[in-house]
Amino acid sequence: MEYIIFDGIYNMVPDETASKCKDEPLKIMFDRPQTVLWQSENWFCADIRVEQYSDVRIQIAFQDISDNKLIIEYELLPNVKVSFRVKLDELWSKRFFLEVFPGSYKGTVHGLPMDPQNVVKIEISVIPGKDFKSAELGKVWISEKHPDGINPDVPIIDEMGQLIGYEWSTKTHSFKEMENRLCTEYEEAKANDCLFPNRSRWGGFLEKQFSSTGWFRVQRDGNRWWLVDPDGYAFFSHGLCYGTRMGEFGWYTGMEKFYENAPSPEDPRYEEAFTHPGMIDEYVKRYGVTERSNEWMYNPARGNMIRIFGEKWWDAWRLIATRRFHEWGINTTGVGIVNFTDEHCDDFLRMSNLPYVVTLKRFPTTKNFIFRDFPDVFSNEYIENSKIFAENELGPHANNHNLIGYFLHNEPEWMFESDCNIAWELLVENKPLKSRENMMIWLKERYGNIESFNASWGLDLNSFERLLRPLDRNTVLSDRGWKDLEEYEQILIDRFGSIPMSACKKVSPNHLCLGMRYAQMNQKVLMSCKVFDVVSFNCYSKTPEKYFDLARVTEKPMIIGEWHFGAPDSGLLRTGILGAVSQEERAKAYRRYCEISAADPNCVGIHYFEYNNQTLMGRFDGEHAAHGIIDCCNLPYPFMVEAMKISSSNLYSVMTGQKAPYGGPVRYLEKAW
């Protein structure tokens, strides 16, 4: 079955006005054909081609009979016709991150659950990017199966993984150039580890010492919070995420024509430069087993190292990376949820002897979720799975003195929908949930009888047991009802963190629990963080002060789990979540953010995301940004390296008030692309 909504070529902006298109979305709206049943298993599809020098941001807004909106957002490859697709089942908002398809980058869902049958209008929007020229919409249709394939006009990726046809200041122009540089750096790394001067063996502050316990811990000295290294020296965690990883895997199967001269996955010499998405834990966690699970992904950065060093490629990578960390003053590496199974992470940590933090994988789940990835936290299943989680994920690190601490989670998907009340979703979900049974008991104890409850909530239920069956989503509650839901939501969020943390403390009592690494810090999760040793959140902003101020009520030390700045002169099609106008300005942005953080009396660490640039073809979930410290040719950005060295030298003076944080002007990109 295929139902065509539009067939032809629609120019979304006339050529003569293309230069005037900057931030204003280009839009076209269609009425949903009422003669077609929109089944959850069907696909909404659209052919689109946008000419510009950056990824293409597209939004599909679905509007229902009650004027509610749900938005599907994707980033697409530019300068090639892409057959956009999204399964209508995604309108139920069961997850935040969507699967990648050929020609797409990252996809996300924004909005509360919507029944596809209730959709009445569809609006397609294209947000113009860098050097925008044109946008053409082709066929728009509903289908029982998704479209396949994508064919570029010419290859866009050279033999080293770089963008063809463009120049930038750090571009590598030949394989020989790359080989000579890395061979020289490898020999230097073998000869001299280049430790950062005037630091403890862990990277701590030699001029300030507390009692030693042999483990990392936290202490407040009357003026501010500190991490304390195992020898008792004051410590600030100046870190890089994924420092143990060599490059990033990008999509290859179905995208082969985009590569100019990539090696074959059948070539045994390059076996370690290829993987399947089904081998990446986070891919499996988000998407399960899919039709793409056994496709090939290629890592150009690894391919380059293998081509230069052969069987010694990993040793060369480890020595070069370790020497850089020491020379730059980076005293922490982050082991994250997207670490690859074949990257020898444990060997890297043991041989490099770097302090590290770990984001634990496989957060405890339950058979039935309340909303997206929020589990049934009152079930025995959640308690038992938390114990298994602690043993399996934290247990192997329990005796490692280099481990600073562990994050229980990374950016839970339920947190991305700010309008969602977890307790409300509990009431309207048609699932057997222990948390709903507990809420019924909680409300029964609070109100005593159903008449009092009905009067307070504005309902007409015949018993409290009626709450064990789902309410209609259109049910109207009183203000008192919503106040109760907000209170019970806090109980749910408290258990979400406290149960797995308790299990982890039994397995590893000597290590710091660094919290949930939330995508943002807000009032909803704020007080539940007080149970952790350290409050953590990712913070993509020009500077982090307002988020520190918000979290200060917890009276806990804080760590920023992710932050970054990209820049356009990098050869990639996306700068990052935030950007500066050049690599030089990006370095200033780094110094400003880093040193302002160190000056805050509650901040004990910041971890930059990430060491490597991502790939032109996008990682397993489509991320493809130029925020790294090194590119796919293993070349560091020199301005960033110098900024890291300066900030490393200044950190402890800034923390003790002997020096002011960097306050120079920074030219940020007003629109990061």
Side-chain angles (χ1 to χ4, degrees), residues 62-71 89-96 108-118 365-379 382 412-447 450 452-498 516 518-520 522-528:
F62 297 89
Q63 183 177 323
D64 70 8
I65 53 179
S66 301
D67 289 333
N68 299 311
K69 277 191 177 182
L70 180 138
I71 294 173
D89 188 59
E90 300 295 356
L91 272 63
W92 289 105
S93 198
K94 297 174 184 176
R95 58 186 176 184
F96 179 68
T108 50
V109 181
H110 305 266
L112 297 176
M114 177 181 291
D115 187 340
Q117 295 286 7
N118 292 335
T365 61
T366 52
K367 180 181 178 180
N368 293 311
F369 292 94
I370 298 174
F371 175 71
R372 291 185 178 168
D373 58 350
F374 197 99
D376 188 2
V377 295
F378 274 93
S379 66
Y382 188 60
E413 292 189 35
W414 59 269
M415 263 285 288
F416 285 97
E417 201 55 55
S418 58
D419 292 337
C420 174
N421 181 293
I422 300 297
W424 166 252
E425 293 298 319
L426 192 60
L427 285 180
V428 298
E429 275 293 327
N430 188 18
K431 299 173 184 174
L433 294 161
K434 289 293 182 182
S435 298
R436 177 155 52 202
E437 293 179 21
N438 187 81
M439 181 162 67
M440 181 202 71
I441 295 169
W442 183 76
L443 289 169
K444 199 170 187 178
E445 291 175 348
R446 170 161 289 196
Y447 287 99
I450 194 64
S452 177
F453 170 77
N454 282 334
S456 295
W457 278 48
L459 297 178
D460 186 23
L461 306 184
N462 56 13
S463 70
F464 283 104
E465 283 68 27
R466 172 61 183 84
L467 294 171
L468 298 180
R469 290 182 285 118
L471 299 181
D472 188 278
R473 283 192 173 272
N474 294 319
T475 300
V476 177
L477 300 183
S478 67
D479 290 344
R480 176 60 188 272
W482 281 108
K483 186 175 181 181
D484 284 345
L485 287 179
E486 288 172 2
E487 188 175 339
Y488 191 75
E489 181 185 48
Q490 195 63 56
I491 293 171
L492 295 169
I493 294 172
D494 288 349
R495 285 182 68 87
F496 177 72
S498 63
M516 282 290 176
Y518 283 117
Q520 56 184 309
N522 62 28
Q523 293 289 349
K524 181 175 288 193
V525 299
L526 193 58
M527 298 314 294
S528 68

**Message:** Any side-chain to backbone donor/acceptor pair from T366 onto N368? Under 3.5 Å, distance only.
**Reply:** yes
**Asked** Is there a side-chain contact between R95 and D373 (heavy atoms, below 4.5 Å)?
**Response** no
**Prompt:** Which is it for L477 and W424 under the side-chain contact (heavy atoms from CB on, under 4.5 Å) test, yes or no, and what are the steps along the way?
**Reply:** CA-CA 10 Å; L477 300 183; W424 166 252; 3.8 Å; yes
**Request:** Would you please test K94 and D89 for salt bridge (Lys or Arg N to Asp or Glu O under 4.0 Å) and show each step?
**Result:** CA-CA 9 Å; K94 297 174 184 176; D89 188 59; 3.2 Å; yes
**Asked** Is there a side-chain contact between E437 and M440 (heavy atoms, below 4.5 Å)?
**Response** no
**Asked** Are I370 and P375 close enough that some pair of their side-chain heavy atoms sits under 4.5 Å apart?
**Response** no
**Request:** Indicate the atoms forming the closest heavy-atom contact of E489 with N421, along with that distance.
**Result:** OE2-CA, 3.2 Å
**Partner of M439 under side-chain contact (heavy atoms from CB on, under 4.5 Å), chosen from L433, L485, I491, L467** = L485
**Message:** What verdict does the side-chain contact (heavy atoms from CB on, under 4.5 Å) test give for R495 and F378, after you've listed the backbone C-alpha separation in whole Å, the side-chain angles of each residue and the deciding distance to 0.1 Å?
**Reply:** CA-CA 8 Å; R495 285 182 68 87; F378 274 93; 3.1 Å; yes
**Message:** Within the 4.5 Å heavy-atom criterion, are M415 and C420 side-chain neighbours or not?
**Reply:** no
**Fill in**
In terms of heavy-atom contacts, I422 and L492 come closest through CG2-CD1, 3.8 Å
**Item:** Side-chain heavy atoms of S93 within contact of L112, under 4.5 Å
**Value:** no
**Request:** Please name the pair of heavy atoms, one in S456 and one in R480, separated by the smallest distance, quoted to 0.1 Å.
**Result:** O-CB, 3.5 Å
**Request:** Kindly indicate whether the side chain of F453, heavy atoms from C-beta on, has any atom under 4.5 Å from the side chain of L459.
**Result:** yes
**Request:** Output the distance between atom NZ (K434) and atom CG (L426), rounded to the nearest 0.5 Å.
**Result:** 13.0 Å
**Asked** Do L471 and L427 pass the side-chain contact (heavy atoms from CB on, under 4.5 Å) test, and can you show the C-alpha distance, the side-chain angles, and the key distance before you say yes or no?
**Response** CA-CA 6 Å; L471 299 181; L427 285 180; 4.1 Å; yes
**Prompt:** Roughly how far apart are S66 OG and D115 CG, rounded to 0.5 Å?
**Reply:** 11.0 Å
**Prompt:** Looking only at heavy atoms, what is the nearest atom pair of Y382 and D376, with distance?
**Reply:** CB-O, 3.6 Å
**Prompt:** Does F369 reach the side chain of W414, with side-chain heavy atoms less than 4.5 Å apart?
**Reply:** no
**Request:** Give the intermediate values and the outcome of side-chain contact (heavy atoms from CB on, under 4.5 Å) for residues S418 and N522.
**Result:** CA-CA 9 Å; S418 58; N522 62 28; 5.7 Å; no
**Request:** Specify the closest pair of heavy atoms between R473 and P113, including all atoms of both residues, with the distance to one decimal.
**Result:** NH2-CG, 3.4 Å
**Item:** Other residues, nucleotides, ligands: >12 heavy atoms within 6.0 Å of K524 NZ
**Value:** yes
**Message:** With a sphere of 6.0 Å drawn around NZ of K367, does it hold more than 12 non-hydrogen atoms of other residues, nucleotides or ligands?
**Reply:** no
**Request:** Working to the nearest 0.5 Å, report the span between CD of Q523 and CE of M527.
**Result:** 9.0 Å
**Asked** What is the distance from atom OG1 of T108 to atom CD of E417, rounded to the nearest 0.5 Å?
**Response** 10.0 Å
**Asked** Does the distance from a Lys or Arg side-chain N to an Asp or Glu carboxylate O, for E486 and K483, drop under 4.0 Å?
**Response** no
**Message:** Can you classify the ring geometry of W442 versus Y488 as parallel (below 30°), tilted (30 to 60°) or perpendicular (above 60°)?
**Reply:** tilted
**Message:** One pair to check against ring pair (Phe, Tyr, Trp, His ring centres under 6.0 Å): F416 and H110. What are the steps and the verdict?
**Reply:** CA-CA 8 Å; F416 285 97; H110 305 266; 8.4 Å; no
**Asked** Distance only, no hydrogens: is a donor on one side chain within 3.5 Å (strictly under) of an acceptor on the other, for W457 and D484?
**Response** yes
**Message:** Check this for me: D472, atom CG, are more than 12 non-hydrogen atoms of other residues, nucleotides or ligands nearer than 6.0 Å?
**Reply:** yes
**Asked** Would you say the side chain of V109 lies within less than 4.5 Å of the side chain of L70, judging by non-hydrogen atoms?
**Response** yes
**Salt bridge present between R436 and E425 (N-O < 4.0 angstrom)** = no
